[in-house]
Each structure stands twice: as structure tokens, then as C-alpha cells.
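Please read these numbers as outputs of a predicted model, since none were measured by experiment.
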Amino acid sequence: MIRSLWLLATLLAGCSLFNQELPNVPPKVEVSTADTLRVARGGSVSFEVSASDKDDDPLDYSWSALGAGSFSDSVANITTWRAPDLIASHSEFFLITVTITDHQPDTEDILETFLVEVVQQLPVLSVASGDTVISFR
């Protein structure tokens, strides 16, 4: 009986179906939000991206805006991006990206993108005369 169990265990261990390592499953994005996609120069936008990994591999997040503006935390899943103080024209678009990786060689990293428009604050002139207020933009 013991010999039969040992023989069965040896056969199962040597069988390619039981000993074959399963392929890694890439992470999956669950939540991807931005609090606004239009902000004044120097203003800030909050982002949240959450992902899960079926294989329970640890996930890393890496935020980028191609050097424009700055992040409160460029390696967390929740961050705030501060827009540049100076922009080239009346408005300028910036591509914000987050790369999510599980550091497994056989899966591709996930790339989530957000397009944020940064606008100039137009000067406001208010003139008060008596009981009338006139505003120019």
C-alpha cells in the first residue's frame, strides 16, 4: 500500500500537467479617476488609480508628466499633480501617465493616461460706481 502511494506520488510529480508553472496574469485596473481635467496654471489635479493582480504580485505605480509640473508622490496609486506656473499660450494640454507594473518578465506593464488642459487665468477688472458693479474679463 505504501509502495503504491509512493509510486502514484512519483508519477504525479513527474507529470507535466501537475508540475507545469502557470503563466503570470497581468495586473488589472479597477479604479481610474481624476478630480478635474481642466485646471488653471499653478493649480492642482488629484488622481487615483487602483489595480489588482490575480497572482498577488506586488504592484508599483510610476507617474509622469514628461517633466512638466510636479507630483505630490510619483510612486503611489493616489497623487496630486501641480500644473506648471507658466504655459506657452492661452491653454496647453499635458499628458499625465501612470505605469503599473508587477515586475514579471512575461507580462506587459499597464499604462493609464489622462489629458489635462492647463489654462491661463484671465485678468478681471471690477469697477464700482455707486450701486453698480461692472466686471470685464
Side-chain angles (χ1 to χ4, degrees):
M1 175 75 171
I2 293 176
R3 182 176 166 92
S4 298
L5 289 176
W6 177 82
L7 183 58
L8 180 62
T10 304
L11 287 172
L12 289 177
C15 180
S16 63
L17 291 175
F18 287 94
N19 206 18
Q20 184 178 18
E21 193 171 314
L22 295 174
N24 187 56
V25 178
K28 179 181 172 189
V29 173
E30 294 177 345
V31 176
S32 178
T33 62
D35 68 347
T36 182
L37 295 177
R38 188 173 196 202
V39 66
R41 62 189 171 101
S44 59
V45 179
S46 296
F47 297 97
E48 177 181 353
V49 175
S50 294
S52 64
D53 188 84
K54 192 173 183 178
D55 304 313
D56 291 329
D57 295 323
L59 300 177
D60 286 335
Y61 299 83
S62 178
W63 293 89
S64 174
L66 301 175
S70 60
F71 291 95
S72 61
D73 189 343
S74 64
V75 294
N77 69 314
I78 299 173
T79 191
T80 300
W81 178 70
R82 186 172 182 275
D85 291 324
L86 299 173
I87 59 174
S89 63
H90 178 68
S91 73
E92 192 172 340
F93 287 91
F94 293 90
L95 185 64
I96 311 298
T97 62
V98 60
T99 304
I100 305 166
T101 183
D102 65 356
H103 298 286
Q104 298 299 316
D106 55 341
T107 58
E108 290 187 29
D109 297 341
I110 295 176
L111 187 69
E112 282 286 301
T113 60
F114 304 88
L115 191 60
V116 177
E117 181 182 18
V118 178
V119 296
Q120 296 279 359
Q121 287 272 344
L122 297 176
V124 176
L125 172 63
S126 295
V127 179
S129 64
D131 61 352
T132 304
V133 175
I134 302 170
S135 282
F136 298 96
R137 287 189 177 256

Asks: What is the distance from atom OG of Ser64 to atom CZ of Phe94, rounded to the nearest 0.5 Å?
Replies: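 CZ of Phe94 is found 12.5 Å from OG of Ser64.
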
Asks: Does the side chain of Val45 come within less than 4.5 Å of Asp35's, by heavy atoms?
Replies: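 Sidechains of Val45 and Asp35: in contact.
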
Asks: Decide whether Ser72 and Thr79 meet the rule of one side-chain donor and one side-chain acceptor closer than 3.5 Å.
Replies: yes

Asks: Within the side chain of Trp63, is there an N or O that forms a donor-acceptor pair under 3.5 Å with the backbone of Thr80?
Replies: no

Asks: Rounded to the nearest 0.5 Å, what separation is found between the CG atom of Asp109 and the OG1 atom of Thr99?
Replies: 6.5 Å

Asks: Drop me the distance from Ile110's CD1 to Ser32's OG, to the nearest 0.5 angstrom.
Replies: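 So the gap between those two atoms works out to 10.5 Å.
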
Asks: Would you say the side chains of Asn77 and Ser50 form a donor-acceptor pair under 3.5 Å?
Replies: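 Yes, side-chain donor-acceptor contact under 3.5 Å.
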
Asks: Which heavy atom in Ile96 sits nearest to a heavy atom in Ala65, and how many Å separate them?
Replies: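 What the structure gives for the nearest pair is CD1-CB, 3.6 Å.
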
Asks: State, with a plain yes or no, whether a side-chain heavy atom of Phe47 is found less than 4.5 Å away from one of Phe114.
Replies: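 Answer yes - side chains close enough.
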
Asks: Minimum heavy-atom separation for Val119 and Ser91, please, with both atom names.
Replies: CG1-CB, 3.8 Å

Asks: Of all heavy-atom pairs between Ala40 and Ala83, which one has the smallest distance, and what is that distance?
Replies: O-CB, 4.1 Å

Asks: Can you find a pair of side-chain heavy atoms, one from Tyr61 and one from Asp73, that are under 4.5 Å apart?
Replies: no

Asks: Shortest non-hydrogen contact from Arg82 to Gly42?
Replies: NE-O, 3.5 Å

Asks: How long is the straight-line distance from CG of Asp53 back to CG of Leu59, given to the nearest 0.5 Å?
Replies: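 So the gap between those two atoms works out to 5.0 Å.
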
Asks: To the nearest 0.5 Å, what is the distance between CD1 (Ile87) and CD (Glu92)?
Replies: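 The distance works out to 6.0 Å.
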
Asks: Which heavy atom in Gly69 sits nearest to a heavy atom in Pro84, and how many Å separate them?
Replies: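 Answer, listing the atom of Gly69 first, then Pro84: N-CG, 3.8 Å.
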
Asks: Side chains of His103 and Asp57: is there a donor and an acceptor less than 3.5 Å apart?
Replies: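 His103 vs Asp57: no donor-acceptor pair found between side chains.
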
Asks: When rounded to the nearest 0.5 angstrom, what is the spacing between CD in Glu117 and OG1 in Thr36?
Replies: 10.0 Å

Asks: My understanding is that only one of Val75, Leu111, Val49 makes a side-chain contact (heavy atoms from CB on, under 4.5 Å) with Val98; could you say which?
Replies: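 Among the candidates, only Val49 passes.
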
Asks: Look at the side chain of Asp60 and the backbone N and O of Thr101, then say whether any donor-acceptor pair between them is shorter than 3.5 Å.
Replies: no

Asks: Quick one: does any side-chain atom of Gln120 pair with a main-chain N or O of Arg41 as donor and acceptor, under 3.5 Å?
Replies: no

Asks: Of all heavy-atom pairs between Val25 and Asp55, which one has the smallest distance, and what is that distance?
Replies: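 Shortest heavy-atom separation between Val25 and Asp55 comes out as N-OD2, 2.5 Å.
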
Asks: Would Trp81 and Val31 show up in the same hydrophobic cluster when neighbours are defined by side-chain heavy atoms closer than 4.5 Å?
Replies: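 No, Trp81 and Val31 fall in different hydrophobic clusters.
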
Asks: In this structure, are over 12 heavy atoms from other groups packed under 6.0 Å from Glu30 atom CD?
Replies: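 Yes, enclosed.
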
